[in-house]
Amino acid sequence: MNNKSQRYHGFDYLRALMTLAIVAWHIKLFGISDIAKINLYKNHSFIFSDLINYHFLLLGVPVFFLISLFLFSYRILNETGYLTKRLERLSYLYIFWTGFWLIVFKAVYGYSFIRLDSAKKIVLLIITGGHSLYYFLFSLIILTGISFIVSKLRVRYLWPLLIITLLFMIIFPLSLGKNNSFQYFVAYWNPVNFLPYVLISAIVAKYMQKEGIESYYPEMKKCILLLFILLIVSSFLEWKYFVNVNNFKYDAQAIPSYTRVSVVIGSTIFFLSSFFIRKPPNRIIRFLSEYSLGIYLTHGFIILVYTELINPKTNYLNHFEWRLILFLVVIQISLAGSAILRRMFRSGLI
């Protein structure tokens with residue numbers, strides 16, 4: 001196993017872990033915090049489940065951005081013409097899955113919940129992927145294009161840009177209380193939230209291309225330690241100053257999901273730490289990693305059917321044991337569905 005392939009083993013572990021984290025977040029495996037209840041958030045005290053939900057599970061999407069953008073940045077530096085192929089594939093995925101979601105959503109509810117009677121609503125429909133988890137694909141398309149531009153810049157220009165994007169993570173939430181128009185900027189689906197990951201991935205890719213990531217291991221260990229300290233400080237300040245009722249409009253909770261420096265720092269710690277993993281993953285980890293995107297794309301449909309058609313009549317999701325069972329079922333069905341869809345695509349059936 002050469003050094004190049006060794007240093008990517010960590011991505012398999014990270015994909016598998018964060019795939020589970022994303023599903024756990026969407027089914028609220030560890031419960032719904034009072035911070036997400038408009039009548040209770042003011043009296044809410046930070047508890048252990050908040051640590052799991054807001055400082056681990058929510059890192060899933062940012063970590064996937066970092067991995068995807070890093071691999072793109074590293075490849076675009078060494079391969080011409082890759083940008084077009086990448087954008088075509090992402091656009092196809094976005095159109096297919098967003099359209100499929102809208103059809104299923106209408107079938108479940110029996111009516112169209114979208115009225116495209118203004119330019120604003122049309123733009124929101126596109127950015128949010130039909131008000132679904134497919135905002136990830138739209139943002140990835142935008143970020144990939146930006147990443148191509150950023151790849152042309154020298155590292156010394158990327159660091160100041162990174163600082164500027166991190167300032168967005170501070171300014172927007174603090175400004176929300178003074179101007180409600182900032183609700184768009186702290187919405188979980190806004191691509192602006194994910195700009196730091198373009199720069200972080202590009203910086204790491206450029207360093208790797210220059211000398212190889214192994215030569216930076218000592219500096220990376222110090223960086224991870226510093227980031228961990230900053231993570232604690234930023235998390236404390238965010239829970240103190242970022243909690244605002246205006247966050248409920250686009251985040252369904254009083255604290256922003258992704259417009260937080262602590263989210264950027266936490267996901268970067270996981271990303272950098274993965275480079276130290278040299279051991280090849282076992283079959284289970286490799287299988288989850290291989291189908292991580294498929295699980296992401298399919299699990300929303302399973303959760304939709306259960307939460308909208310079954311749970312209202314039973315309230316099973318009020319109990320952790322049933323949420324855990326649902327979590328395991330969703331993972332298994334999503335894996336099976338992903339495998340079937342892959343075979344259908346490869347055989348040309350769809």
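Excluded from the calculations below are hydrogen atoms, water molecules and symmetry mates; all remaining heavy atoms, backbone and side chain alike, are included. One-based numbering along the sequence shown.
Residues that satisfy the ring pair (Phe, Tyr, Trp, His ring centres under 6.0 Å) test with Tyr82, not counting sequence neighbours, are Phe72. For Arg89, the salt bridge (Lys or Arg N to Asp or Glu O under 4.0 Å) test picks out no residue, with sequence neighbours left out. Lys249 is linked by a salt bridge (Lys or Arg N to Asp or Glu O under 4.0 Å) to nothing, counting only residues two or more places apart in sequence or in another chain.
Interatomic distance, Ser234 OG to Trp239 CH2, rounded to the nearest 0.5 Å: 12.5 Å. Atom OG of Ser139 sits about 7.5 Å away from atom CG of Asn190, to the nearest 0.5 Å. To the nearest 0.5 angstrom, Leu125 atom CG is 8.0 Å from Ile122 atom CD1. Distance check, rounded to the nearest 0.5 Å: CD1 of Ile277 to CG of Leu14 gives 7.5 Å. Taking CD1 of Ile333 as the start and CD1 of Ile302 as the end, the distance is 5.0 Å to the nearest 0.5 Å. Taken to the nearest 0.5 Å, the SG atom of Cys223 stands 14.0 Å off from the CZ atom of Phe228.
In this structure, Ser274 contributes its side chain and Gly10 its backbone to no donor-acceptor pair below 3.5 Å. In this structure, His299 contributes its side chain and Ile295 its backbone to a donor-acceptor pair below 3.5 Å. A donor-acceptor pair under 3.5 Å is formed between the side chain of Asn193 and the backbone N or O of Ala187. No donor-acceptor pair under 3.5 Å is formed between the side chain of Tyr157 and the backbone N or O of Val150. Between the side chain of Ser292 and the backbone N or O of Ser289 there is at least one donor-acceptor pair closer than 3.5 Å. Between the Arg286 side chain and the Asp12 main chain, no donor and acceptor come within less than 3.5 Å of each other. At least one donor-acceptor pair closer than 3.5 Å links the side chain of Ser267 to the backbone N or O of Val264. In this structure, Gln253 contributes its side chain and Phe248 its backbone to no donor-acceptor pair below 3.5 Å. Side chain of Ser151 to backbone of Phe148: a donor-acceptor contact under 3.5 angstrom is found.
Of the candidates Tyr258, Tyr250, Phe172, Phe172 is the only one forming a ring-ring contact (aromatic ring centres under 6.0 Å, His included) with Phe185. With Phe270 as the partner, the side-chain contact (heavy atoms from CB on, under 4.5 Å) test is satisfied by one option alone out of Ile224, Leu17, Ile67: Leu17. Results of the side-chain contact (heavy atoms from CB on, under 4.5 Å) test with Ile200 over Leu66, Leu158, Thr165, Leu69 single out Leu66 as the only residue that passes. Of the listed residues (Asn247, Leu176, Leu58), just one forms a side-chain contact (heavy atoms from CB on, under 4.5 Å) with Pro256, and that residue is Asn247.
For the pair Ile269/Ser273, a side-chain contact is recorded, criterion being any heavy-atom separation below 4.5 Å from C-beta on. The side-chain heavy atoms of Phe194 and Ile142, taken from C-beta on, include no pair separated by under 4.5 Å. Using a 4.5 Å cut-off on side-chain heavy atoms (C-beta onward), Tyr41 and Asp34 make no contact. In this structure the side chain of Val192 never reaches within 4.5 angstrom of the side chain of Thr259, judged on heavy atoms. Side chains of Ile47 and Ser33 form no contact here, defined as non-hydrogen atoms less than 4.5 Å apart. Proximity of Leu83 to Ile76: side-chain heavy atoms (C-beta onward) are separated by under 4.5 Å at one or more points. Within the 4.5 Å cutoff, the side chain of Phe301 has heavy atoms near those of the Phe100 side chain. Under the 4.5 Å side-chain criterion, counting only non-hydrogen atoms from C-beta, Phe242 is not in contact with Val186.
Residues Ile32 and Phe327 do not share a hydrophobic cluster, defined by chaining ILVMFWY side chains whose heavy atoms lie under 4.5 Å apart. Hydrophobic clustering, with ILVMFWY side chains joined whenever heavy atoms are under 4.5 angstrom apart, keeps Ile149 apart from Trp159. Cluster membership check: Phe48 shares its hydrophobic cluster with Ile35, using side-chain heavy-atom separations under 4.5 Å among Ile, Leu, Val, Met, Phe, Trp and Tyr. A continuous path of Ile, Leu, Val, Met, Phe, Trp and Tyr side chains, each step under 4.5 Å between heavy atoms, connects Ile170 with Tyr241, placing both in one hydrophobic cluster.
By the 6.0 Å contact criterion, NZ on Lys221 is open, its count of non-hydrogen atoms from other residues, nucleotides or ligands being 12 or less. The neighbour count for Phe46 CZ, taken as heavy atoms of other residues, nucleotides or ligands under 6.0 Å away, is above 12. Around the CG atom of Leu226, the shell of radius 6.0 Å holds more than 12 heavy atoms that belong to other residues, nucleotides or ligands.
A donor-acceptor contact under 3.5 angstrom links the side chains of Arg86 and Ser68, judged on distance only. Judged by distance alone, the side chains of Thr84 and Glu88 never bring a donor and an acceptor atom under 3.5 Å apart.
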Report the C-alpha separation of Tyr8 and Leu71 in whole Å, then their side-chain angles, then the decisive distance to 0.1 Å, and conclude whether the side chain to side chain contact (heavy atoms under 4.5 Å, CB included) test is met.
CA-CA 10 Å; Tyr8 292 117; Leu71 294 174; 3.8 Å; yes
Take Leu161 and Leu153, measure what side chain to side chain contact (heavy atoms under 4.5 Å, CB included) needs, and give me the verdict at the end.
CA-CA 11 Å; Leu161 290 175; Leu153 302 177; 3.9 Å; yes
Applying side chain to side chain donor-acceptor pair (under 3.5 Å) to His55 and Asp50, what does each step give before you reach the verdict?
CA-CA 7 Å; His55 296 280; Asp50 292 328; over 6 Å; no
Before giving the answer on side chain to side chain contact (heavy atoms under 4.5 Å, CB included), spell out for Leu57 and Ile22 the whole-Å C-alpha distance, their side-chain angles and the decisive distance to 0.1 Å.
CA-CA 6 Å; Leu57 299 186; Ile22 289 173; over 6 Å; no
Met169/Arg260 under side chain to side chain contact (heavy atoms under 4.5 Å, CB included): CA gap, chis, key distance, verdict:
CA-CA 5 Å; Met169 305 292 102; Arg260 293 184 283 131; 5.9 Å; no
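Separation of the Phe70 and Tyr197 ring centroids does not fall under the 6.0 Å cut-off. Aromatic pair Phe138/Tyr134: ring centres not closer than 6.0 Å. Between Tyr92 and Trp97, the ring centre distance reaches or exceeds 6.0 Å. Taking the ring centroids of Tyr217 and Phe275, they lie at or beyond the 6.0 Å cut-off. Checked against the 6.0 Å centroid criterion, the rings of Trp25 and Phe30 do not qualify as a close aromatic pair.
Taking all atoms of both residues into account, the shortest heavy-atom contact from Ile285 to Asn282 is N-OD1, 2.8 Å. Residues Gly266 and Leu59 come closest through the heavy atom pair C-CD1, 3.8 Å. When all heavy atoms of Tyr94 and Gly129 are compared, the pair lying nearest together is CE1-CA, 3.9 Å. Minimum heavy-atom separation, His9 to Arg278: CD2-O, 3.2 Å. Contact between Ser262 and Leu231 at its shortest, heavy atoms only, is O-CD1, 3.3 Å. Summarising the geometry of His131 relative to Thr128, their closest heavy-atom pair is N-OG1, 2.9 Å, with the distance given to 0.1 Å.
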